[in-house]
Peer 1: 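What follows is a structure written as structure tokens; I'll ask about it next.
Because the structure is predicted, anything quoted here is derived from the model rather than measured.
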Amino acid sequence: MLSPLDISASALTAERVRMDVIASNIANATTTRARLVNGTWQPYVRKLVVFEPRTPFASYLAQAIGRQAEVGAGVQVSRIVDDPTPPRLVYDPTHPDAGPDGYVRLPNVDIVKEMADLIAATRAYEANVAAFQAGKAMLTKALELGR
């Protein structure tokens with residue numbers, strides 16, 4: 001009976017994680033010394049959040065006993081992956097991390113893209129809050145009818 005609220009709550013949690021990762025990407029947009037690999041500093045690598053449908057235990061149990069499985073029980077973050085885009089090369093021979101050719105390897109973070117993703121995550125979060133409140137109002141009205 002609380003499934004709509006569970007679905008909205010799972011989406012709120014997933015979108016919060018997405019916003020945290022975007023904030024981390026923005027914060028590290030100019031970090032040139034994120035990891036030390038073989039004695040060389042590597043720039044920060046943009047992170048991406050991967051969502052997947054959440055399948056509750058009851059679904060597996062229903063499949064095991066031959067009943068139709070529950071569909072659409074929410075979403076969860078399956079993993080956070082590195083963006084495979086190569087780092088940006090910027091010519092700045094005065095930068096302390098510039099190579100012998102004068103180029104600096106900057107993170108593959110595009111602030112415009114991050115802001116667009118942040119706006120999308122915020123809108124999805126707001127939509128799930130509205131869905132959660134609508135579901136809560138419907139359950140409240142159903143309880144009032146039962147009095």
Side-chain angles (χ1 to χ4, degrees), residues 1-140:
M1 181 166 159
L2 296 176
S3 182
L5 299 181
D6 291 339
I7 292 170
S8 294
S10 71
L12 290 171
T13 302
E15 291 297 339
R16 184 191 53 80
V17 171
R18 183 176 169 200
M19 286 190 270
D20 289 345
V21 169
I22 292 170
S24 175
N25 289 339
I26 292 172
N28 289 295
T30 58
T31 302
T32 57
R33 296 182 182 187
R35 286 185 292 179
L36 186 62
V37 178
N38 297 329
T40 305
W41 285 105
Q42 300 295 317
Y44 176 80
V45 177
R46 179 179 184 234
K47 308 287 186 237
L48 300 171
V49 176
V50 178
F51 291 167
E52 70 179 9
R54 186 177 67 176
T55 305
F57 174 75
S59 174
Y60 294 115
L61 181 61
Q63 285 178 348
I65 62 175
R67 290 188 177 169
Q68 185 161 352
E70 183 178 340
V71 177
V75 67
Q76 67 184 9
V77 174
S78 67
R79 61 190 185 280
I80 297 172
V81 297
D82 290 343
D83 184 355
T85 307
R88 294 179 293 137
L89 290 177
V90 174
Y91 183 73
D92 184 4
T94 61
H95 194 284
D97 292 327
D101 56 353
Y103 283 93
V104 180
R105 297 177 62 206
L106 293 176
N108 57 354
V109 176
D110 181 6
I111 295 295
V112 174
K113 191 183 298 182
E114 296 300 325
M115 290 306 296
D117 287 349
L118 184 61
I119 290 170
T122 303
R123 297 289 183 244
Y125 192 89
E126 291 171 351
N128 281 294
V129 167
F132 186 88
Q133 289 176 340
K136 187 173 79 174
M138 286 191 295
L139 289 174
T140 302

Peer 1: Below 3.5 Å, can you tabulate the donor-acceptor pairs from side chains in residues 111-121 to any protein atom, sequence neighbours excluded?
Peer 2:
{"from": "E114", "atom 1": "OE1", "to": "N25", "atom 2": "ND2", "distance (Å)": "3.4"}
{"from": "E114", "atom 1": "OE2", "to": "R46", "atom 2": "NE", "distance (Å)": "2.3"}
{"from": "E114", "atom 1": "OE2", "to": "R46", "atom 2": "NH2", "distance (Å)": "3.3"}
{"from": "D117", "atom 1": "OD2", "to": "R46", "atom 2": "NH2", "distance (Å)": "2.9"}

Peer 1: Which pairs count as ring-ring contact (aromatic ring centres under 6.0 Å, His included) when at least one residue sits in residues 86-114, sequence neighbours excluded?
Peer 2: Y91-Y103
Peer 1: Could you tell me which non-hydrogen atom of V17 sits nearest to which non-hydrogen atom of V49, and how far apart they are?
Peer 2: O-CG2, 4.4 Å
Peer 1: Looking at I7 and S10, what are the two nearest heavy atoms and their distance?
Peer 2: O-OG, 2.8 Å
Peer 1: Give every residue pair that meets the ring-ring contact (aromatic ring centres under 6.0 Å, His included) criterion with at least one member in residues 5-53, sequence neighbours excluded.
Peer 2: none
Peer 1: Would you confirm whether S8, through its side chain, and L5, through its main-chain N or O, come within 3.5 Å as a donor-acceptor pair?
Peer 2: no
Peer 1: So which pairs with a foot in residues 7-18 pass salt bridge (charged side-chain N to carboxylate O under 4.0 Å, His left out), sequence neighbours left out?
Peer 2: E15-R18, R16-D20
Peer 1: What residue among T40, N38, V45 forms side chain to side chain contact (heavy atoms under 4.5 Å, CB included) with Q42?
Peer 2: T40
Peer 1: Would you please test V109 and I26 for side chain to side chain contact (heavy atoms under 4.5 Å, CB included) and show each step?
Peer 2: CA-CA 7 Å; V109 176; I26 292 172; 5.5 Å; no
Peer 1: Going by the salt bridge (charged side-chain N to carboxylate O under 4.0 Å, His left out) test, which pairs reach into residues 92-106, not counting sequence neighbours?
Peer 2: R33-D97
Peer 1: Apply side-chain contact (heavy atoms from CB on, under 4.5 Å) to E126 and list each qualifying residue two or more places apart in sequence or on a separate chain.
Peer 2: T122, R123
Peer 1: Can you run down the salt bridge (charged side-chain N to carboxylate O under 4.0 Å, His left out) pairs that involve residues 128-140, sequence neighbours left out, and say none if there aren't any?
Peer 2: none
Peer 1: Between N28 and P107, what is the shortest heavy-atom contact and its length?
Peer 2: O-CG, 3.4 Å
Peer 1: Give me each pair satisfying ring-ring contact (aromatic ring centres under 6.0 Å, His included) with a member in residues 105-125, each pair once, sequence neighbours excluded.
Peer 2: none
Peer 1: Suppose we screen for side-chain hydrogen bond (donor to acceptor under 3.5 Å, both in side chains). Which residues come up paired with Q76, at least two apart in sequence or across chains?
Peer 2: E52
Peer 1: Report the residues that fulfil side-chain hydrogen bond (donor to acceptor under 3.5 Å, both in side chains) with T85, sequence neighbours left out, ordered by chain and then residue number.
Peer 2: D83
Peer 1: Please enumerate all residues that pass side-chain contact (heavy atoms from CB on, under 4.5 Å) together with V90, with sequence neighbours excluded.
Peer 2: L106
Peer 1: Applying salt bridge (Lys or Arg N to Asp or Glu O under 4.0 Å), name anything that partners D82, two or more places apart in sequence or on another chain.
Peer 2: K47
Peer 1: So how far is it from I22 CD1 to L48 CG, rounded to the nearest 0.5 Å?
Peer 2: 9.5 Å
